[in-house]
Amino acid sequence: MPELPEVEVCRRGLLPGVAGRRISRALVRFPRLREAIPENLGELLAGRTVVDIARRGKYLLFDCRGEADRGWLIVHLGMTGNLRLVAGDRPPGRHDHVDLVFDDGVLRFSDPRRFGVVTWHPGADPGCHPLLAGQGIEPLSAAFDGAWLYAATRRRSGPIKTVLMDAHTVVGVGNIYAAESLFRAGISPLRAACRIGRERCDRLAAAIKATLADAIAAGGSSIRDYVHSDGSSGYFQIACAVYDRAGQACRRCRGTIRQIRQAGRSTYYCPACQH
DNA sequence: CGTTACCCCTGGAGGC
DNA sequence: TGCCTCCAGGGGTAAC
């Protein structure tokens, strides 16, 4: 359950349940995710208190204070990961790879496809961790605007949709919201990024912000197996304008939504509305 | 340097 | 009811 809005909703959902809680121990049942979970994660976490959860792109950063030091539990949900607060006596399922055990409950990481990440970064600044060091600009930050996008795309000859999904450029915009943002801005996903003018960059940056903000406000996602941090079924059908609507009528012009393939991913767009 | 093809992995959907 | 193929929110790497 992946893109920035889902991760942010997850962060906000978990925060009241874990902030200020002490981790008594951590269990790693299956360490082989996108990269190996540190074998000594249990020792690293035991006795620490989670004081806050931050987010960088699609990464969740748990601020873990020890008696003398500070460190960060870094979690990425991949395609199918989720974090849920469950009762301590709830038996783990097949894909429940990690438990953080609190006195009165368990924060459980589950990920069937195992594209996620659970790792540890010692010290005060998680930003220097290799996974985070190369991350691009936060699209909801004030620094991200049309001027920034224009400057960042001048030497990018690839299609704009692929550029938007490159986390080294902009973080958090995945396959669904890239398509939705481009529709909102009236820009074709096929257009070379460097051939989008300054004013259209303004519109695109604004469309990305609005699309992500709307999805966060809606509390989640268009994702089928999206599950809230409390475990409730969180299938909010956000009315996608183009994503997963191949062959259906464009809500704006009644033309037909087209599906193509870009860099191995499905792209949906309206050829009449997007140029 | 920038871009693409392929890989990681499981599960669900749909065709036969 | 199988069994097979294709597809899915991400992202790193190798190769052009």
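Labels below follow one simple rule: chain letters A, B, ... track the order of the sequence lines, proteins then strands, and each chain is numbered from 1. Just so it is clear, the model here is predicted, and its values are computed rather than measured.
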| task | Could you tell me whether A:Asp96 and A:Arg90 have a side-chain N and a carboxylate O separated by less than 4.0 Å? | result | no
| request: Would you confirm whether A:Thr153, through its side chain, and A:Tyr150, through its main-chain N or O, come within 3.5 Å as a donor-acceptor pair? | output: yes
| message | Taking any heavy-atom pair under 4.0 Å as a contact, classify A:Gly264: base, sugar-phosphate, or nothing. | response | nothing
| request: Ignoring backbone atoms, establish whether A:His76 has a side-chain N or O less than 4.0 Å from OP1 or OP2 of C:dG11. | output: yes
| message | In the structure I gave you, are the side-chain heavy atoms of A:Arg252 and A:Cys270 within less than 4.5 Å of one another anywhere? | response | no
| said: Taking only the P atom of each, what is the distance from B:dA5 to C:dC7 in whole angstrom? | reply: 15 Å
| said: Determine whether A:Asp103 and A:Arg21 satisfy the following criterion, salt bridge (Lys or Arg N to Asp or Glu O under 4.0 Å), listing intermediate values before the conclusion. | reply: CA-CA 8 Å; A:Asp103 294 335; A:Arg21 294 260 155 79; over 6 Å; no
| request: Could you measure between the two P atoms, the one in B:dC7 and the one in C:dT5, and give it in whole Å? | output: 16 Å
| said: If you only use heavy atoms from C-beta on, which nucleotide in C:dG10, B:dT4, C:dG12 is closest to the side chain of A:Met79? | reply: C:dG10
| What is the distance, rounded to the nearest whole Å, between atom CZ of A:Arg34 and atom P of B:dC9? | 14 Å
| query | Would you say B:dT10 has OP1 or OP2 under 4.0 Å from some side-chain N or O of A:Arg114? | reply | yes
| request: Could you work out which one of C:dG9, B:dG2, C:dG12 sits closest to the side chain of A:Ser157? | output: B:dG2
| Rounded interatomic separation in angstrom, taking CG from A:Asp111 and P from C:dG11 | 13 Å
| said: Can you tell me which nucleotide in C:dG9, B:dG11, B:dG2 comes closest to the side chain of A:Pro112? | reply: B:dG11
| task | Select base, sugar-phosphate, or nothing to describe what A:Arg32 touches, counting heavy atoms under 4.0 Å on all strands. | result | nothing
| Positions of residues 91-98 of chain A (non-hydrogen atom under 4.0 Å from DNA chain B), listed by number | A:Arg94, A:His95
| task | Starting from the C-alpha separation in whole Å, work towards a yes-or-no answer on salt bridge (Lys or Arg N to Asp or Glu O under 4.0 Å) for A:Asp69 and A:Arg48. | result | CA-CA 9 Å; A:Asp69 65 342; A:Arg48 289 180 184 273; 3.0 Å; yes
| message | Between A:Arg11 and A:Ile53 (side chain of the first, backbone of the second, donor and acceptor by atom type, cut-off under 3.5 Å), is there such a pair? | response | yes
| So which nucleotide from B:dC9, C:dG12, C:dG11 ends up closest to the side chain of A:Arg113? | B:dC9
| request: Examine C:dG9: is either OP1 or OP2 under 4.0 Å from a nitrogen or oxygen in the side chain of A:Lys58? Give yes or no. | output: no
| query | Counting distance only, does the side-chain N/O of A:Arg245 pair as donor-acceptor with the main-chain N or O of A:Ile257 below 3.5 Å? | reply | no
| said: Quick check on C:dA8: is either OP1 or OP2 less than 4.0 Å from any side-chain nitrogen or oxygen of A:Ser266? | reply: yes
| remark: Atom CZ of A:Arg265 and atom P of C:dG12 are separated, to the nearest Å, by 13 Å
| message | Test your reading of the model: is there a side-chain donor-acceptor pair from A:Glu138 to the backbone of A:Gly57, 3.5 Å cut-off? | response | yes
| A:Phe30 near the nucleic acid: base, sugar-phosphate alone, or nothing, with a heavy-atom cut-off under 4.0 Å? | nothing
| query | Roughly, in whole Å, what's the span from CG in A:Asp244 to P in C:dC7? | reply | 13 Å
| task | Could you tell me whether the side chain of A:Glu180 and the main chain of A:Val242 form a donor-acceptor pair under 3.5 Å? | result | yes
| request: Specify the separation, in whole Å, of atom CD1 of A:Ile74 and atom P of C:dG11. | output: 14 Å
| query | Does B:dC8 have A:Phe115 stacked on its base, where the ring centres are within less than 5.5 Å and the planes differ by under 30°? | reply | yes
| request: Mind telling me whether A:His97 and A:Phe109 have parallel, tilted or perpendicular rings, with 30° and 60° as the class edges? | output: tilted
| message | Using the side-chain heavy atoms of A:Asn175, tell me which of these nucleotides is nearest: C:dA8, B:dT4, C:dG9. | response | C:dG9
| message | Taking 4.0 Å as the cut-off, does a side-chain nitrogen or oxygen of A:Tyr243 come that near to OP1 or OP2 on C:dG9? | response | yes
| Does C:dG12 adopt a syn or an anti glycosidic conformation, taking syn as a chi angle within 90° of 0? | anti
| So do the side chains of A:Leu61 and A:Leu132 get within less than 4.5 Å of each other, counting heavy atoms only? | yes
| request: Would you write the dot-bracket representation of DNA chain B, where each base gets (, ), [, ], | or . depending on whether it forms a Watson-Crick or G-U pair under 3.5 Å and with which partner? | output: .|||||||.|||||||
